[in-house]
Amino acid sequence: MAGESSSFHLLDERIQRFIWQQGWEDLREAQELAVPLILPADQDVIIAAATAAGKTEAAFLPALTNLLHGSGEGLIVYISPLKALINDQFGRLDRLCEALDIKVWPWHGDITSGVKARFLKKPEGVLLITPESLEAMLCNRGTSIAAVFKEARFFVVDELHAFIGSERGKQLQSLMHRIDRAAGRRIPRIGLSATLGDMSLAGKFLRPGGAPALVESTSSGVEIKILVKGYEEPTAIKQVDGQEPDPVSPAQIAAHLFKVLRGSNNLVFPNSRREVERYTHILNELCEREQVPNEFWPHHGSLSKEIRSETEAALKQKERPATAICTNTLELGIDIGAVKSVGQIGPPPSVASLRQRLGRSGRREGEPAILRGYAVEDARSGLTSLKDRLRLDTLQMVAMISLLLEGWFEPPQVAGTHFSTLIQQLLSVIAQNGGASAKELFTLLCAPGSPFAGITSGEFLELLRHLGTKELILQESSGVLLHGPLGEKFVNHYTFYAAFASDEEFRIVAGGRTLGTLPVSQMLTAGQRILFAGKTWRVEEVDDAQKTIFVTRASGGVPPLFSGGPGRTHTRVRQRLRELLRGQEVPAFLDVTARKFLREARDEYERLDLDNKVTLDQGNEVMLLTWLGDAANEALACLFMRRGFTAMAAGPGVEVHKKAGGVQEVLDALGDFAVEDVPDLDFLLADAKNLAREKWDWALPDGLLRKAYASQYLDLAEAADWVKAVGQAQAGL
DNA sequence: GACCTGCTGCGGGATG
């Protein structure tokens, strides 16, 4: 290696020795490129590379060299979205750092206070921490923050894409910014990720207004093998007792999974926790019936840590093959080893998500990535919805796969005004500094280059005044802002540190063992039978005070409902879907039934003349077919609602309830929108209710809530463009 | 039909 690698020689001798001892043949491409960029610690860097292996080292080999060559003490702050990832990384880094005599400090909710106290006594080495724990540190140890981070050389943010666009991402930006300010200098930021489409957007996220150096590993193109199988669900006939019969396609899909997945490690994504339960149970029963050892394990966010660890351990060990039926809990970089194939039941939530999932397969040299898609459609019988007639689930899956193959996926949503997280950060800064003036707060959080830049001083003052009326803050006669009585209560409870909201939950306990949790909104009663953790149970007792549901093993049971909202579809996906409907080409990866679905959808598209028609009369409603993404369709629905219509975004378009004037009245409204100016948000959303989505939205003045909502959920500009284009086309007829 | 993530400080009692 020594002869070919120039970066290798830049590393500290002790690190070079460690690399030899590991028997690593040479530095990976990303490592080779990253070392000279990171070593001087004078700029931000983003490392985008296909596999998890190698990225951590690409950041840490030069960062640790910098630490070793520096003047004694120094600190690297690694920030992870998952505790599990911190535990994995601790195992890997501690081995390396032991040889270098550098301490590694894991810090999250499960780490004992003793470890944290020892770190704080001498804050040197590598700190592995979550955003929430960092928030707690700033809140509770405000006076010592400058000292703790005085010698911080780098922030390393793992799984950068998992933060972009969310409340947590905005919080993370704010935390790094506040630490920069406390330390009195710009601490270089290193972002690690596999899925970053537009690198300039990711760069803007890593540091607002920044432009980091980029390391993109041109990974050798892994071969992708794809098969999409169609399944026809017979029309349900109500049984004598009025109950819906069980659907038959899950049993058929499970039978196929059983046949093709046994003997190897795989991941299957059925898109919801409920379906994870359903499929795990069917597959477990199949193994039992065939008298073979069980190879199918459940994994989702409502299962207890113990049960999830069992599944992760089953995937990691090499003795027996194992397949996880899972949600996106297994999408991020937890170490589960390579898998042979990925199953996707129903359309994935996004192309980015599909890409991340498929990235778990084909990670060994010379092995392809294998994707099996399962598409279910209702059998045809008379009056079915447009979604059924156009086979939209199947077509959406095919559209997403075709975009994936082209290398496209949804860009990260860096924009968006996160007033909710601004409230959290205001309260946190007040805690950190024991009070602050309005001007100090605005300069720290909202000035150009700050995480909340773009918020005007007028909006900021409006927010502060409103927080005063909510008793979250109060102003001393000197002008200094402090916590109000309610603010004090919130900040002093540990739930304050997370920027995102969460449901209240019941624990499900069987014989003293916690199986997992269910949201309280999904009330269960004694005697009910449920399917949970892949097994069936009878509810014995519901303890409201202890928020616990006691269950015992029993036969029979249906999977419970969990809470959750739908994913959001991007305009590009809808447009690709329409291209598929218009086209003739039949992708080679479709099986006979999936081909049939595609043919039926194309026939229907032609029969309804959807290439030329914008409206479809559906009786009580008019369907406006925009073929735009959800954000534009929702904005269009808002325009109609403001005109007194009942309207909602529905798949590829907007469903508008007819009024007395029928279809023509809807078209007239559309014609008016085309020539009117785009309305402002206060007008458009004047009557809108229930806009609160994020944790602190309840404390926002109406105008700011409307702005926050619109910035994240509505694309008014795209809706207006569509309306204008359609209006012109109609005028030309 | 529809995801996921995370969490302090302190006091009391047991243990080495």
Side-chain angles (χ1 to χ4, degrees), chain A residues 79-86 107-114 116-117 120 129-142 158-159 161-172 175 233 236 244 247 249-250 269-278 299-303 305 308 326-334 345-350 352-354 356-357 376-378 385 387-388 392-393 396 424 428 431 490-503 505 516-517 519 521-522 558-569 630 650-651 694-695:
Chain A
I79 304 172
S80 154
L82 300 176
K83 289 189 287 190
L85 210 51
I86 287 180
W107 182 316
H108 56 65
D110 302 340
I111 302 294
T112 59
S113 55
K116 299 174 182 175
L120 289 171
I129 194 166
T130 62
E132 288 73 19
S133 285
L134 212 44
E135 187 77 69
M137 205 192 276
L138 288 174
C139 256
N140 300 325
R141 302 169 201 278
D158 206 352
E159 305 280 5
H161 64 275
F163 287 110
I164 303 180
S166 69
E167 293 151 281
R168 253 185 137 190
K170 191 45 76 176
Q171 176 188 31
L172 171 65
L175 292 168
E233 180 66 39
E244 296 278 341
S249 50
F269 294 91
N271 287 351
S272 73
R273 290 170 281 191
R274 185 186 170 86
E275 297 303 309
V276 166
E277 291 295 345
R278 191 196 303 281
H299 199 285
H300 62 69
S302 292
L303 291 171
K305 206 167 106 186
R308 282 197 258 178
C326 58
T327 60
N328 52 4
T329 42
L330 288 184
E331 233 174 64
L332 288 185
I334 306 172
I345 304 174
S350 65
S353 174
L354 179 63
Q356 192 76 17
R357 291 171 181 188
V376 180
E377 299 287 350
D378 277 341
S385 66
K387 174 180 171 293
D388 289 333
L392 287 185
D393 275 357
Q396 178 139 335
Q424 184 211 30
S428 179
F490 277 114
V491 177
N492 287 330
H493 195 264
Y494 65 92
T495 51
F496 174 75
Y497 309 124
F500 54 90
S502 50
D503 278 355
E505 290 177 321
T517 59
S521 54
Q522 302 302 328
V558 292
L561 269 171
F562 298 85
S563 61
R568 294 173 67 83
T569 301
D630 293 332
E694 302 192 340
K695 190 172 182 179

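Chain A is the first sequence line, chain B the second, and so forth, proteins listed ahead of strands; every chain is numbered from 1.
- With sequence neighbours excluded, the residues forming a side-chain contact (heavy atoms from CB on, under 4.5 Å) with A/Ser166 are A/Arg168, listed by chain and number.
- Shown here are the side-chain contact (heavy atoms from CB on, under 4.5 Å) partners of A/Lys695, two or more places apart in sequence or in another chain: A/Glu167, A/Ser420, A/Ala498, A/Ala501.
- With sequence neighbours left out, the salt bridge (charged side-chain N to carboxylate O under 4.0 Å, His left out) criterion links A/Arg568 to A/Glu634.
- For B/dC7, one of the phosphate oxygens OP1 or OP2 lies less than 4.0 angstrom from a side-chain nitrogen or oxygen of A/Thr130.
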Show me the protein contacts with nucleotides 9-12 of chain B, counting only N or O atoms at under 3.5 Å.
from, atom 1, to, atom 2, distance (Å)
B/dG9, OP1, A/Arg141, NH2, 2.9
B/dG9, OP2, A/Arg141, NH2, 3.3

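- In the set B/dA2, B/dC4, B/dG6, B/dA2 carries the atom at the smallest distance from any side-chain atom of A/Ser272.
- Here A/Glu377 pairs with nothing under the salt bridge (charged side-chain N to carboxylate O under 4.0 Å, His left out) rule; sequence neighbours left out.
- Protein atom CD1 of A/Ile129 is 12 Å distant from nucleotide atom C1' of B/dT8, rounded to whole Å.
- Partners of A/Pro270 according to the side-chain contact (heavy atoms from CB on, under 4.5 Å) rule, which considers only residues two or more places apart in sequence or in another chain, are A/Glu275, A/Val276, A/Tyr279, A/Ile325, A/Ile345.
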What pairs of nitrogen or oxygen atoms, one from the protein and one from nucleotides 13-16 of chain B, lie under 3.5 Å apart?
none

Taking it one step at a time, do A/Cys326 and A/His300 satisfy side chain to side chain contact (heavy atoms under 4.5 Å, CB included)? CA-CA 6 Å; A/Cys326 58; A/His300 62 69; over 6 Å; no

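- With sequence neighbours left out, the side-chain contact (heavy atoms from CB on, under 4.5 Å) criterion links A/Pro559 to A/Arg274, A/Glu277, A/Arg278, A/Leu531.
- Applying the side-chain hydrogen bond (donor to acceptor under 3.5 Å, both in side chains) rule to A/Asp388 yields the partners A/Ser385; only residues at least two apart in sequence or on another chain are considered.
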